[in-house]
Structures are given as structure tokens and as C-alpha cells.
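Here the structure is laid out as C-alpha cells; the discussion comes afterwards.
Sequence lines set the chain letters: A, B, ... in the order given, protein chains first and strands last, and positions in each chain run from 1.
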2 protein chains.
Amino acid sequence: MKYSIGEFSRITSLSIKSLRLYHEKEILVPSEVDKSTGYRYYNERNIELARTIKVLKEYDFSLAEIKEIIIEFSDESEILEQLIEKKKDIEKKIANYKNISLSIDLIITIEKENKMKPENEFEIEEKEVETMLIAGSRMKGKYSDVGKGFGLLAKNLGREINGKAMSLYYDAEYKENDADIEPCFPVRKGKDTEGISVRELKGGKCISLIHKGPYEQIGESYRKIFSYINEKSYTTLIPSREVYIKGPGMIFKGNPKNYLTEIQIFIQ
Amino acid sequence: MKYSIGEFSRITSLSIKSLRLYHEKEILVPSEVDKSTGYRYYNERNIELARTIKVLKEYDFSLAEIKEIIIEFSDESEILEQLIEKKKDIEKKIANYKNISLSIDLIITIEKENKMKPENEFEIEEKEVETMLIAGSRMKGKYSDVGKGFGLLAKNLGREINGKAMSLYYDAEYKENDADIEPCFPVRKGKDTEGISVRELKGGKCISLIHKGPYEQIGESYRKIFSYINEKSYTTLIPSREVYIKGPGMIFKGNPKNYLTEIQIFIQ
DNA sequence: TATAAGCGCTGCCCCAAGGGGAGAGTCAAG
DNA sequence: CTTGACTCTCCCCTTGGGGCAGCGCTTATA
């Protein structure tokens with residue numbers, strides 16, 4: 001029994017285009033080719049081979065790999081190595097996609113959270129903050145160096161990040177150059193590693209003000225919040241915090257006019 | 001400050017080829033192109049955009065998708081939809097690769113098992129078989145219909161298959177056309193579904209003989225095993241089993257001369 | 001036996017996301 | 001002014017085919 005390419009295509013569920021390609025690549029050669037007309041005819045053995053090719057394709061082998069396999073081997077026990085290799089490839093792909101999925105998920109979660117609460121409109125507020133687990137990287141230097149700290153943290157924590165980036169300020173006064181700062185992230189869990197300390201950050205009562213606009217103009221908001229504190233004669237605690245509710249994102253830099261930074265000064 | 005394409009390539013870790021492609025596709029257009037020489041020059045804003053593009057590429061967006069996104073949007077909160085869609089895509093890919101991985105794993109496991117025991121060389125043996133959980137699809141018909149049964153089972157069980165394909169024979173005698181057969185697979189777990197019954201198959205003592213060669217010649221092995229049983233005056237139980245130690249595989253049909261089929265006749 | 005519908009053939013262009021290289025022009029430093 | 005490093009455009013190649021044009025072949029029916 002011999003089949004024309006159309007019949008064979010229906011039998012094997014391989015497109016005619018694919019069959020011609022496989023012929024050209026000498027992966028699946030028709031049992032008979034009419035020399036004068038060029039018509040391809042396939043037989044039962046071709047069907048068997050086509051099935052093998054289809055399965056290997058499902059298993060994500062490339063045509064080049066398939067060609068090698070079907071030329072050299074004719075039994076599963078002979079291609080154990082290749083199967084093991086392929087499985088490793090696939091596990092790698094899975095791991096990679098899982099990382100991507102988690103990264104995207106983090107962005108989605110944070111953005112959704114931001115959308116939920118349009119926050120009481122930039123007024124000073126007294127509130128309770130809960131204790132949380134954080135991973136931070138304390139450093140001395142300029143404020144502009146903090147970005148690197150966040151980069152380091154994000155790379156090492158990746159999947160465990162559980163909230164918005166924050167900075168802790170250990171100086172009582174404003175320092176231009178030699179500030180004692182700790183960029184940090186809330187995390188689900190984690191261990192201390194090179195330069196990163198994971199620990200509980202105690203909550204408590206704080207005075208909070210959300211600053212809207214570029215970070216360079218945050219001084220004005222600090223002025224407001226301290227004048228409020230002086231008025232009320234509160235005693236402040238160290239460290240104070242900045243929570244980056246909305247800043248340069250993972251994907252876009254965004255518009256600095258819309259950045260939101262919450263200042264939290266803790267009091268006794 | 002403006003950068004030549006080479007400098008910009010080093011800054012952004014994007015290849016020159018890619019940069020030229022992105023220019024052509026109007027995804028990342030240099031801030032300045034010298035009209036007479038065609039030299040491309042990039043600026044700081046290009047760096048920002050390049051970072052965005054890189055991140056989106058890491059997240060598995062195509063250039064076409066990226067183009068749409070960067071033309072229309074400039075903040076993460078605006079592309080939540082796209083991120084959610086992309087995450088779905090990625091979850092699908094993960095699920096698909098996981099299925100492939102499990103399928104390959106099954107083949108590897110079975111082949112490794114086959115390699116381990118070259119089986120006592122095709123002699124009649126009395127042995128104990130343990131109770132196992134199986135999923136089967138009992139049917140009446142010709143032996144040649146059994147293949148379809150296995151296909152159905154494999155498709156529905158997929159990941160839960162835990163051993164070699166078997167057939168249970170419920171007839172005391174040989175039947176050509178109307179045999180009462182149950183193709184089945186050992187499984188890890190499972191529930192009854194359309195036409196598939198999952199249950200424990202009791203173990204016990206059996207007379208076993210491994211038949212080597214094409215299935216069509218299995219009659220000779222049956223003759224041997226029954227003459228042994230008669231000699232010993234054992235009382236046989238129903239159903240008897242055939243275990244397909246090595247038959248047509250998932251990938252290759254293999255050579256029928258090397259097929260191995262174990263006949264198990266259970267006795268009291 | 002003629003004819004038309006339906007197949008099949010080759011050859012060409014296309015997709016994504018670039019890689020490699022040829023041949024020619026340009027830039028910057030000595 | 002030269003030289004070496006850089007950049008330009010153009011073309012071909014990759015994977016696994018899809019789509020179409022223009023032609024020839026087959027086969028059933030009139």
C-alpha cells in the first residue's frame with residue numbers, strides 16, 4: 001500500500017509543508033518518489049517513523065536532534081542519554097519561567113496594592129505600624145548610593161520580597177555625604193548572607209506623611225513633619241523610615257511628579 | 001552627552017546587531033542620526049528606554065509587544081493587563097514543560113528498570129507478586145483491540161503511571177474473538193473515570209515465564225507454562241496476567257525479536 | 001475520449017530575533 | 001596624513017514551517 005502526500009498527511013497529522021521539509025532534510029524520506037513527476041509516495045514503515053518523529057517533537061527535540069536519533073537508534077533504551085539531557089534542558093526552562101512568573105507576580109501584587117489605596121491625601125497622620133521581617137544592607141555614604149543597595153537586595157532576595165522598598169535612617173540630623181542608611185525590603189523569610197542582614201523590624205507608633213513628587217523635593221515634607229512633631233512635643237526615635245510607595249519601577253522609570261514616598265518618624 | 005552605538009552597546013549590554021534592529025523596528029530610535037554618515041548617537045533617555053526594553057524582554061515579551069507597550073505606556077500601573085496576560089502565557093508554558101518532563105521521566109524510569117534486571121534467562125519460575133494499585137479498562141473483543149485501551153489509559157493517567165503495561169485475562173481458555181481482557185497500568189493514585197476503574201490488584205504466588213520475541217509467537221510459551229503447571233498439578237486462578245516488559249515503546253516501535261512479555265499464571 | 005476538479009510539484013517570499021561577514025566609509029589619535 | 005578602530009549597509013543563515021503563484025498530474029465523469 002502506498003499513500004500520496006495528502007493521504008499521508010491526514011494519516012499522520014503532519015502538514016504537507018512539514019512532510020516536504022522532512023524529506024528535504026532527509027528525516028522522513030518517502031518510500032518512493034516518481035522520477036518523472038516528483039510525486040512522493042509513502043508506505044507503512046514511513047507511518048511508523050512519522051509517529052516516532054511526532055513524539056520526539058512533542059518532547060521538544062529539534063529536527064536536527066531527531067535526525068541524529070532516528071539515524072542511529074531504533075529503541076528507547078539506546079537514547080537514555082539523550083532523554084536525560086533533554087529532561088535537564090526542560091527543567092532549566094521550567095526554572096527560568098518560574099522565576100519570570102514570580103517576578104511578574106511581584107509587580108502585579110505591588111501595583112494592585114497601590115491601586116487599592118489612594119492614601120489619605122498627603123496629610124500628616126499618626127498611625128501604628130506592625131512589626132515585620134526585613135532584609136537590609138546597612139551602609140554609609142551618599143543618598144544616591146542607595147540605589148545600588150536596592151539592586152543588590154533585589155537580586156539576592158528575588159522571590160522572597162514581600163512589600164515595598166524602604167530606607168532606614170540612623171542619623172538624627174540630615175547628612176549630605178556620610179549618611180548612615182539601610183536600604184531594605186520586607187521579606188517572607190531569608191537568611192543573612194554577604195552584606196545582607198535579615199531580622200525583625202519592630203513596629204510602633206509613628207508620624208507619617210506621604211510626599212508626592214520627585215525625591216529631590218522631599219525636604220519640604222520633612223520640614224512639615226518636624227514642625228508638627230515639635231508642636232506636639234513628641235520624642236522621636238531612630239531609625240526613621242522612608243517607604244517608596246511609588247518610585248522608579250522594575251520596568252518603567254515612571255514620572256517623578258507621581259512618585260509617592262512615605263516618611264515615617266517613630267515616636268515614644 | 002551622546003554615545004556612539006559601540007559605547008551604548010557596552011552601557012546597555014545590548015548587542016550592536018540588536019540595537020540596529022530595534023532602530024529599524026522603531027523600538028529604540030537613537031536620539032540623533034548623522035544624515036551624511038548614518039552614524040547613530042544615543043543619549044540618556046535612550047538608556048532609560050533600553051533598560052525598560054531589556055526588562056520586558058526578560059519577561060518574555062516579543063519585540064512587537066514591547067513596541068506597543070513603550071509607545072502607549074510609561075508606568076507599570078498602566079500595563080497590569082499585559083502583565084497578567086503574560087503571566088498566564090508563562091504558566092501555560094510551565095505546565096506544558098512539566099508534562100513533557102513527566103513523560104520523559106516515565107520513559108527513563110522504565111528503561112532504567114529494564115536495564116537493571118536482565119531477568120533470569122527465560123525459564124519458568126515460581127514467584128511472589130505484590131499487591132498493587134492499578135487503573136484498568138475491561139473490555140471484550142479481539143486481542144488486537146487492546147492497543148486502543150492502552151492508548152486511552154495512557155492519555156487519561158499520564159503522570160500517575162507507575163510501572164509497566166499489563167493485561168489481565170479473565171477467560172480460562174484461549175479465545176480468539178470475544179476475549180474478556182483488561183488492559184491496565186500500575187498507578188500511584190487515581191479515581192475511577194469514564195471507562196477506567198482504579199483499584200487494588202491482589203498479589204500472590206504465580207508461575208512466571210518470560211517470552212522473548214514477537215507477540216504472535218507467545219502461544220509456544222503458554223504451552224510450556226501450562227505443561228509445567230499440569231505436571232505440578234497446581235490449581236490456577238483467574239485472571240492471569242501478561243506484563244509487557246519490553247514491547248513497542250512510547251517513541252520507537254523497536255524490534256519485535258527483542259520484545260519481552262512475562263506470562264503470570266496465579267495459583268492457589 | 002475530453003475535460004475539469006482536485007492534487008502535487010517547485011520556487012519564491014515571509015515570520016522572530018538576531019548572528020556572521022563583506023566591502024566601503026568615518027573618526028580620532030599620533 | 002596615516003592608521004587602526006569603528007560604523008555603515010547589504011546579504012545570507014538560523015528554526016519550523018505558512019502562504020501563494022504558476023505549472024503539471026490524475027482521475028472521475030460526461
- So, with a heavy-atom separation below 4.0 Å from DNA chain D, the residues of residues 44-61 of chain B are none

- Query: Name the one of A/E262, A/E242, A/E113 that satisfies salt bridge (Lys or Arg N to Asp or Glu O under 4.0 Å) with A/K164?
  - Reply: A/E113

- The reported gap from OG in B/S15 to CZ in B/R20 (rounded to nearest 0.5 angstrom) is 9.0 Å

- Contacting residues from residues 20-39 of chain B, given that a heavy atom lies under 4.0 angstrom of DNA chain C: B/L21, B/Y22, B/K25, B/T37, B/Y39

- Query: For the pair made of CG in A/L19 and P in C/dG8, what is the distance, rounded to whole Å?
  - Reply: 10 Å

- Message: Testing B/K57, B/K25, B/K86 one by one against B/E65 for a salt bridge (Lys or Arg N to Asp or Glu O under 4.0 Å), which residue passes?
- Response: B/K86

- Message: Between A/S4 and B/I16, which residue's closest nucleotide on DNA chain C lies nearer the 5′ terminus?
- Response: A/S4

- Message: With a strict under 4.0 Å distance from non-hydrogen atoms of chain A, what nucleotide opens and what nucleotide closes the contacted stretch of DNA chain D, reading 5' to 3'?
- Response: D/dT15 to D/dT26

- Between A/Y244 and A/S167: side-chain donor-acceptor atoms closer than 3.5 Å: yes

- Could you give the distance from CD1 (B/I70) to CD1 (B/I27), rounded to the nearest 0.5 Å? 6.0 Å

- Residues pairing under ring pair (Phe, Tyr, Trp, His ring centres under 6.0 Å) where one sits in residues 36-68 of chain B, two or more places apart or in two chains, turn out to be B/F8-B/Y42

- Task: Can you measure from CZ (A/F185) to CG (A/L153) and round to the nearest 0.5 angstrom?
- Result: 6.0 Å

- Task: Quick one: list whatever passes side-chain contact (heavy atoms from CB on, under 4.5 Å) with B/E58, sequence neighbours left out.
- Result: none

- Message: Could you tell me how far apart A/K17 (NZ) and C/dC15 (P) are, to the nearest whole angstrom?
- Response: 15 Å

- Message: If the test is salt bridge (Lys or Arg N to Asp or Glu O under 4.0 Å), which one of A/K257, A/K115, A/K253, A/K246 qualifies with B/D75?
- Response: A/K246

- Query: Sequence neighbours excluded, which residues qualify as ring-ring contact (aromatic ring centres under 6.0 Å, His included) partners of A/Y143?
  - Reply: A/Y215

- Item | d(CZ, B/R40; P, C/dG25) in whole Å | 18 Å

